[in-house]
Amino acid sequence: MPELPEVQAVCDGLRQKILNRVVQAVQVHECRLRWPVKIDELSRLITGQEVVGVRRIAKYIVIQFRNEVSLLIHLGMSGRLGLVDANSSLRKHDHVIFSLMGEEELRFNDPRRFGMVEAVENSELEEHPRIRNLGVEPFSPEFNAKSFYELSRGSKVAIKKFIMDSKRLVGVGNIYASEALFRAGIHPNTQAGRVGLKRWEQLVVSIVDVLTKAIKRGGTTIRDFENLDGVAGYFTKELNVYGKDGQPCSCCERVIRKMRHSARSTYYCPGCQH
DNA sequence: CGGGCGGCCTGGAGGC
DNA sequence: TGCCTCCAGGCCGCCC
């Protein structure tokens, strides 16, 4: 489901609503997520703790507590967080429940169970197996044309896969990869090692730009993304190619095409992208 | 080592 | 109505 802008939207909503609030109890109804939820550890580390911050690392939501513990949440493909009245009825796939002081609950719902919920000591966060191998953040100075040009020399992977590889760059998933490549005028199949410095400059700008605009619109909703308030993302209206195969390109009159990169759909305009 | 691919899951859509 | 296949916004880990 969520790429960087959608995770950012959830984090922003969370920050407004749960900052300074205390977790009274944790209940796990289903521990078989992407990684097994360690119930005892989770409960021991955050029960009774006050939320002092909410931030995003790559596509992870990081909820920080007073006791130097962070709750690491990944939404996978279908995960959602909802803040609801404590006595509202449980829904199917509500796997982890955080009871907050004030008769509200934060509920992690995830039909496909590709998500993750884990409490980590802050001192161990940087070296956490899911965190330590992450590449650069798209809004950091390290994400620039020169270093990515150099990083990509000799690589034969398609540029679409290259920019989606979280060991290099985090946050760019299937939608925004297609959209950024369209904006940069680069064909998704181009070998990363054959993208020159000029085109890397265009691509870096396109990625930052598309993510920035999507954040401003509250993300993209294709089927079911919702922020904490149950509101869909409005970037959907500004998509140029994603999900638009068979439709005419907004820039030239050519028809948008769909292709596959290792079982994932890629959309591009054969007229605008080379 | 880089790169390709299967697998993890449920559910919705569409074809027959 | 049902049954089947395909598809989905992520990402790990195995294989060559």
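Since the model is a prediction, treat every value here as computed from it, not as a measurement. Residue numbers begin at 1 in each chain, while the letters A, B, ... track the order of the sequences.
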Integer-rounded Å distance: [N] [atom2] and [X] [atom1]:
X: A/Ile61; N: C/dG9; atom1: CD1; atom2: P; answer: 19 Å
X: A/Arg260; N: B/dG6; atom1: CZ; atom2: P; answer: 12 Å
X: A/Asn133; N: C/dG10; atom1: CG; atom2: C1'; answer: 16 Å
X: A/Leu151; N: B/dG3; atom1: CG; atom2: P; answer: 11 Å
X: A/His261; N: C/dC11; atom1: NE2; atom2: C1'; answer: 17 Å
X: A/Met164; N: B/dG4; atom1: CE; atom2: P; answer: 14 Å
X: A/Asn189; N: B/dG4; atom1: CG; atom2: P; answer: 11 Å
X: A/Gln191; N: B/dG4; atom1: CD; atom2: C1'; answer: 14 Å

Salt bridge or not for A/Asp110 and A/Arg113, using N-O below 4.0 Å?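 Salt bridge flag = no for A/Arg113 with A/Asp110.
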
Please determine if A/Lys213 and A/Asp209 form a salt bridge, counting it only when a charged side-chain N lies under 4.0 Å from a carboxylate O.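 Judged by the 4.0 Å cut-off on N to carboxylate O distance, A/Lys213 and A/Asp209 do form a salt bridge.
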
Give one of base, sugar-phosphate or nothing for [X], where a contact means two heavy atoms less than 4.0 Å apart.
X: A/Arg34; result: base
X: A/Tyr242; result: sugar-phosphate
X: A/Lys92; result: sugar-phosphate
X: A/Ser155; result: sugar-phosphate
X: A/Arg168; result: sugar-phosphate

Look at the side chain of A/Arg264 against the base of C/dA8 and say whether a donor-acceptor pair falls under 3.5 Å; ignore hydrogens and angles.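 Side chain to base: no pair present.
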
Does any N or O donor sit under 3.5 Å from an N or O acceptor when you compare the side chain of A/Arg113 with the base of B/dC9?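 Under the 3.5 Å cut-off, the side chain and the base do not form any donor-acceptor pair.
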
Over all heavy atoms of both residues, which pair between A/Arg107 and A/Asp94 is shortest? Give the atoms and the distance, please.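 Answer, listing the atom of A/Arg107 first, then A/Asp94: CD-OD2, 3.7 Å.
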
Residue met sooner reading DNA chain C from 5', once A/Arg130 and A/Arg112 are mapped to nucleotides: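 Whichever sits nearer the 5' end wins; that is A/Arg112.
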
Suppose you measure atom [atom1] in [N] against the same atom in [M]; what distance do you get, rounded to whole Å?
N: C/dG9; M: B/dG3; atom1: P; answer: 22 Å
N: C/dC3; M: B/dC9; atom1: P; answer: 24 Å
N: C/dC7; M: B/dC5; atom1: P; answer: 16 Å

Side-chain heavy atoms under 4.5 angstrom apart, residues restricted to Ile, Leu, Val, Met, Phe, Trp, Tyr: same cluster for A/Val170 and A/Val205?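 Looking at the clustering, A/Val205 is in a separate group from A/Val170.
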
Flag for A/Gln16-A/Asp12: side-chain donor and acceptor within less than 3.5 Å: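 No donor-acceptor contact under 3.5 Å links the two side chains.
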
Could you tell me if A/Lys160 and A/Asn174 have a donor-acceptor pair between their side chains, going purely by distance under 3.5 Å?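 Yes.
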
Establish, with yes or no, whether the OP1 or OP2 oxygen of C/dG9 is under 4.0 angstrom from a side-chain nitrogen or oxygen of A/Thr221.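 Checking C/dG9 against A/Thr221, no side-chain N or O comes under 4.0 Å of OP1 or OP2.
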
If pairing requires Watson-Crick or G-U wobble contacts with both distances under 3.5 Å, which nucleotide is the partner of C/dC16?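 Here C/dC16 is engaged in a pair, and the nucleotide opposite it is B/dG2.
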
Counterpart base for C/dG9, defined by Watson-Crick or G-U wobble contacts under 3.5 Å: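 Base partner found: none.
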
Per A/Phe114 side chain, nearest of listed nucleotides B/dG11, C/dG9, B/dC9: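 Closest nucleotide to the A/Phe114 side chain: B/dC9.
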
Closest-nucleotide 5' rank along DNA chain B - winner of A/Lys161 and A/Pro111: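 On the 5' side of the pair lies A/Lys161.
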
Within the stacking criterion (centroid distance below 5.5 Å, interplanar angle below 30°), does A/Phe225 stack on C/dG9?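 The ring of A/Phe225 is not stacked on C/dG9.
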
